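Atoms within each ligand, like the ligands themselves, are counted from 1 in listed order. All values reported here derive from a predicted model rather than from experimental measurement.
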Amino acid sequence: MHTMKAAICKRYGGPEQLEITEVPKPVCNDNEIVVRIMATSVNSGDVKLRSLAVRGFQKIIMKIIFGFYKPRRSILGTVFSGIVEETGKKTTRFKKGDRVFGMTGFRFGTYAEYITLNEAGIVTRMPASASFEEAAALPFGWHTAIYFLEKAGIRKYERPNILIYGATGSVGSAAIQVASYYGATVTAVCSSAGRELMEQLKVEKVVYYDRQDFTLLNEKFDIILDAVGHTTKKSCQPLLKKDGSFVTVGGMDMATEKIEHLQLISNLFEKGKCKAVIDKVFPFSEIAAAHRYVDTGKKKGNVVVSICDLPR
Ligand SMILES: NC(=O)c1ccc[n+]([C@@H]2O[C@H](COP(=O)([O-])OP(=O)(O)OC[C@H]3O[C@@H](n4cnc5c(N)ncnc54)[C@H](OP(=O)(O)O)[C@@H]3O)[C@@H](O)[C@H]2O)c1
């Protein structure tokens, strides 16, 4: 039996619960491809699942869905970039050697050297000009930002006025770019620690929440996106236009992954309209340290893990 290295989560708890170990290498069936993973990312969702640091009722729901004492799917991680190593007999979309990226959703499994994927899943060719690290930094924040801004009706406006609260996270930094792509005027809210990133993303208006109360702004918005889930519709209401929309990542609504979104991300990257915001890159052997860093809740953009540092 062939084996591969993977980081498994032994129990819910701190980053020390992650352990790199040898597991069976997956074999693809007729409709699947095998991808040799080159990079993955550690996202807010991964650390939430590993730690189960959520309140009362949510904790019970998560235990029912994901497992009582440890995640049933012990290899965490939902985002990957890599190279197609094998294709199933009935597959047609990919060939060996294609550079691909994508998401696995509740199947997880990307903290590993290899993964099998249904070729009809959320996987497509990487932007040709992207590195594996960049490609792994894109899907999580971008697909969430596209989902919530579309939910808020961004497409119906010609030049919407949008406020993004929590603008420096994975979702927030992507939302700035998605909003700009749709022709929006963007006001970003973040702490002073986000100044450099806001300059890099060329945000026109920034409110630093450690210096100014954004709810006192004398301006009305078509859309307010809370990209960290720390506000409420009620607290933002005075800033909303009469028919404006408030959307938050902090509610019960889960962003659904769509292949069209992944293709849009790829196209925009090629056109230079989408930047991969990478805070740090960790080697696979330091995946626990990557989790420790994301646990701070203060990362800027994305934390990437390079899978190719271990001898194969
Ligand atoms: N519903 C869904 O489908 C869905 C999908 C994806 C993510 N989420 C949720 O969305 C949230 C954000 O995800 P993410 O991956 O973008 O997180 P993240 O990258 O870990 O966010 C980190 C950023 O949050 C900012 N932040 C922390 N506390 C803040 C506060 N009180 N006010 C404003 N900004 C604050 C920090 O910037 P400052 O230094 O400026 O504070 C930091 O840059 C998470 O709770 C995640 O679970 C939901």
**Message:** I need the atoms of ligand 1 closer than 4.0 Å to a non-hydrogen atom of Tyr165, numbered in the order shown.
**Reply:** 30 (C), 31 (N), 32 (N), 33 (C)
**Asked** Short N/O distance, under 3.5 Å, between Met254 and ligand 1?
**Response** no
**Asked** Got the closest protein heavy atom to atom 47 (O) of ligand 1, with its distance?
**Response** Lys48 NZ, 2.9 Å
**Request:** Tell me which protein heavy atom sits closest to atom 24 (O) of ligand 1, plus the residue, atom name and distance to 0.1 Å.
**Result:** Val228 CG1, 3.5 Å
**Request:** Kindly confirm or rule out an N or O of Thr144 lying under 3.5 angstrom from an N or O of ligand 1.
**Result:** no
**Request:** Would you mind checking which non-hydrogen protein atom is closest to atom 16 (O) of ligand 1, with the distance to 0.1 Å?
**Result:** Val171 N, 2.8 Å
**Request:** Return yes or no for this condition: an N or O of Ala255 is under 3.5 Å from an N or O of ligand 1.
**Result:** yes
**Asked** Would the number of heavy atoms belonging to other residues, nucleotides or ligands and lying under 6.0 Å from NZ of Lys299 be above 12?
**Response** yes
**Prompt:** Should the pair Arg99 and Phe132 be classed as cation-pi, given the thresholds of under 6.0 Å to the six-membered ring centre and 45° from the axis?
**Reply:** yes
**Prompt:** Has Lys5 got its NZ or CZ under 6.0 Å from the middle of the six-membered ring of Phe284, at an angle within 45 degrees of the ring axis?
**Reply:** no
**Asked** Does the side chain of Ser129 pick up a donor-acceptor pair with the side chain of Glu270 at under 3.5 Å?
**Response** yes
**Residue of the set Asp226, Ile223, Leu163 for which side-chain contact (heavy atoms from CB on, under 4.5 Å) holds with Phe246** = Asp226
**Complete:** For atom 1 (N) of ligand 1, the closest protein heavy atom turns out to be Asp253 O, 2.9 Å
**side-chain contact (heavy atoms from CB on, under 4.5 Å) partner of Val304, chosen from Thr40, Ile278, Val42** = Ile278
**Item:** Other residues, nucleotides, ligands: >12 heavy atoms within 6.0 Å of Lys151 NZ
**Value:** yes
**Message:** Could you check whether atom CZ of Arg93 has more than 12 heavy atoms from other residues, nucleotides or ligands sitting under 6.0 Å from it?
**Reply:** yes
**Prompt:** Among Gly169, Ala167, Ser41, which residue places a heavy atom closest to atom 21 (O) of ligand 1?
**Reply:** Gly169
**Prompt:** Can you find a non-hydrogen atom of Gly141 under 4.0 Å from ligand 1?
**Reply:** no
**Complete:** Exactly one candidate in Val277, Ile162, Ile164 meets side-chain contact (heavy atoms from CB on, under 4.5 Å) with Ile176; the answer is Ile164
**Item:** Heavy-atom gap Phe140 to ligand 1 smaller than 4.0 Å
**Value:** yes
**Item:** For ligand 1, the portion of Lys298 having any non-hydrogen atom under 4.0 Å away
**Value:** both
**Glu196 atom CD, neighbour heavy-atom count above 12 within 6.0 Å** = no
**Fill in**
When distances are taken from atom 14 (P) of ligand 1, the protein heavy atom at minimum range is Ser44 OG, 3.4 Å
**Asked** At what distance is the nearest protein heavy atom to atom 37 (O) of ligand 1, and which residue and atom is it?
**Response** Thr168 OG1, 2.8 Å
**Proximity of Tyr209 to ligand 1 by residue part, where a heavy atom lies under 4.0 Å** = side chain
**Prompt:** Does Lys273 make a cation-pi contact with Tyr181 (under 6.0 Å, within 45 degrees of the axis)?
**Reply:** no
**Prompt:** Where on Asn43 is there a heavy atom closer than 4.0 Å to ligand 1, on the side chain, on the backbone, on both, or on neither?
**Reply:** neither
**Prompt:** Just heavy atoms, cut-off under 4.0 Å: does Phe214 contact ligand 1 by side chain, backbone, both, or neither?
**Reply:** neither
**Request:** Please check if the side chain of Thr110 supplies one atom and the backbone of Val79 the other of a donor-acceptor pair under 3.5 Å.
**Result:** yes
**Message:** Among all the protein's non-hydrogen atoms, which is closest to atom 8 (N) of ligand 1, and how far away is it?
**Reply:** Val249 CB, 4.0 Å
**Closest approach of any protein heavy atom to atom 12 (C) of ligand 1, naming residue and atom** = Ala227 O, 3.2 Å
**Prompt:** Is it the side chain, the backbone, both or neither of Lys299 that has a heavy atom closer than 4.0 Å to ligand 1?
**Reply:** both
**Asked** Would you say Cys190 has any N or O atom under 3.5 Å from an N or O of ligand 1, going by distance alone?
**Response** no
**Asked** Do the side-chain N and O atoms of Ser191 and Asp210 include a donor-acceptor pair separated by under 3.5 angstrom?
**Response** no
**Request:** Please work out which of Gly301, Ser191, Gly297 has its closest non-hydrogen atom nearest to atom 27 (C) of ligand 1.
**Result:** Gly297
